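Reviewing the structure listed below.
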There are 2 protein chains.
Amino acid sequence: MGDTESIDNLLALEALLQVTFHDRALLLRAVTHHSCCTETAVRDSYDTLEFLGDAIISAHVVEHIYRSFPNATEGDMTVLKSEVVSRRVFAAIGQHLGLFPFIRVDVANLRTFNERSRDSLCADVLEAIVGAIHIDQGPDAARDFVARVILPVVAQVSLQTDTNPKGRLQKIVLQRTGTLPRYRVLEQGGRNNDRVFLVGVYEKDFLLGTGRASSIKEAGRIAARDALETLRQKHSE
Amino acid sequence: MGDTESIDNLLALEALLQVTFHDRALLLRAVTHHSCCTETAVRDSYDTLEFLGDAIISAHVVEHIYRSFPNATEGDMTVLKSEVVSRRVFAAIGQHLGLFPFIRVDVANLRTFNERSRDSLCADVLEAIVGAIHIDQGPDAARDFVARVILPVVAQVSLQTDTNPKGRLQKIVLQRTGTLPRYRVLEQGGRNNDRVFLVGVYEKDFLLGTGRASSIKEAGRIAARDALETLRQKHSE
């Protein structure tokens with residue numbers, strides 16, 4: 001990418017994001033996959049900005065859930081948060097926003113490249129852009145961007161959230177194999193009032209999903225959700 | 001707890017926190033364990049404030065790590081963040097701050113109550129207080145509180161973080177059983193550039209720990225850390 005082309009691209013991206021950066025190098029980094037700079041990835045790729053953006057988005061999503069659902073339990077909030085703060089949802093938002101054409105990736109350096117890679121890159125870059133806005137423009141600008149671009153999906157996702165993942169998984173596994181899913185406690189950590197259980201759910205001998213929570217019941221529900229996601233991905237392969 | 005006593009307590013707690021609340025009911029909720037209000041726990045206990053506070057603290061810790069360690073990789077940052085944002089560290093901070101005497105808990109309603117329960121309550125309430133400050137005083141006040149009370153531990157923890165958990169685990173397991181720890185991939189999720197591996201580490205047939213990451217190597221290191229934590233807890237039992 002030539003320098004002029006690169007600057008034109010960044011200006012177009014700023015217009016798309018409705019944010020004007022003080023330091024455009026930071027925005028450039030937010031759209032740069034490490035395949036483009038294998039030698040200098042730590043400083044020049046989006047990886048650490050993505051890590052920062054993820055934490056910032058999570059905090060805003062949790063606050064939004066806290067304020068929007070005053071009667072929800074902590075368990076309900078945890079489920080909704082994990083549905084929203086997910087690769088799948090972020091990929092959809094990033095694709096819809098039109099981030100893909102701005103992402104700098106060296107496709108020849110990747111093992112595979114397909115629709116799912118595009119999704120994955122869009123999810124990463126959405127997070128990295130939030131990180132970059134936070135560093136370049138401050139917390140209020142990042143909050144505004146998240147409120148405008150990401151929070152609107154919370155209400156949508158909350159309507160779709162499956163409240164009975166174990167029931168749904170049972171139906172699917174029965175249909176596939178004629179057997180029932182089996183749940184097993186794989187690990188018990190912590191003690192007394194602070195226990196953590198890791199539960200796995202199996203279709204025959206195959207571990208379909210795992211979940212970790214402070215009760216076996218909740219860990220089982222999370223494992224069932226994880227298994228449903230596994231099956232969804234297999235199905236779309 | 002009488003009403004006057006309750007208000008005196010809250011004033012003392014405000015002095016301790018160096019924060020004056022607009023709505024003291026929110027502060028009261030932040031120190032109330034659900035054992036005190038089993039019927040109305042959703043509205044009156046700290047559970048959802050704790051959930052909010054955890055997300056806010058995480059974002060500030062990640063930002064602090066991002067700014068303090070500009071040459072760290074995303075993997076390094078993930079490890080340090082998970083060491084800081086942990087029950088153990090939050091319990092130590094909460095105990096050191098002196099939160100315990102202010103926590104409202106109905107000990108008779110708990111299965112067990114011991115030093116570890118105190119730790120756990122202090123960790124919960126520290127998070128809940130951050131959530132309450134955020135809601136009552138706004139994001140800047142929450143940021144200041146986290147910067148004052150929590151962020152100073154990041155540098156300390158970073159000095160103690162174990163960079164070779166697999167080596168350390170191997171030594172301990174060899175000493176305990178004369179066998180080497182065995183690592184197994186328990187689950188492979190995602191596809192192509194977006195893989196997730198769940199790795200388990202075993203001492204003989206006993207699953208000591210698990211880790212999830214985008215590479216088998218990183219998942220193994222996380223599993224080793226998890227196993228070291230399991231052994232640490234067993235040892236202190």
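Chain naming here is simple, since letters A, B, ... match the order of the sequence lines and numbering starts at 1 in each. Values in this document were obtained by computation on a predicted structure and should not be read as measured data.
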Under a 4.5 Å cutoff for heavy-atom pairs, which residue among A/L198, A/D76, A/T210 has the most contacts with chain B?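 Answer, by heavy-atom pair count under 4.5 Å with chain B: A/T210.
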
Crowding at CZ, A/R184 (>12 non-hydrogen neighbours, <6.0 Å):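 Not more than 12 within 6.0 Å, no.
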
Using heavy-atom distances under 4.5 Å, tell me whether A/A41 contacts chain B through its side chain, its backbone, both, or neither.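 Contact with chain B involves no heavy atom of A/A41 at all.
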
Are A/E74 and B/E50 side-chain neighbours, meaning at least one heavy-atom pair lies under 4.5 Å?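 The answer is no, as the side chains (C-beta and beyond) never meet within the 4.5 Å cut-off.
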
Part of [X] within contact of chain A (heavy atom distance under 4.5 Å):
X: B/N71; value: both
X: B/S58; value: backbone
X: B/T78; value: both
X: B/A123; value: neither
X: B/Y66; value: side chain

Let me confirm one number: the CG-CZ distance from B/L52 to A/R67, rounded to the nearest 0.5 Å.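 Output value for this atom pair is 8.0 Å.
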
Which residues in residues 135-150 of chain B have a heavy atom less than 4.5 Å from any heavy atom of chain A?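 Residues of residues 135-150 of chain B touching chain A at under 4.5 Å: B/I135, B/P139, B/R143.
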
Qualifying residues under ring-ring contact (aromatic ring centres under 6.0 Å, His included), relative to A/Y46, sequence neighbours excluded: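 Scan of A/Y46 (ring-ring contact (aromatic ring centres under 6.0 Å, His included), adjacent residues dropped) gives A/H33.
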
Considering only heavy atoms and a distance below 4.5 Å, find which of B/T73, B/T48, B/D119, B/D47 pairs most often with chain A.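 Most heavy-atom pairs within the cutoff with chain A belong to B/T48.
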
How close do B/P70 and A/V42 get, counting heavy atoms only, and between which atoms?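 Distance-wise, the nearest heavy atoms are O-CG1, 4.4 Å.
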
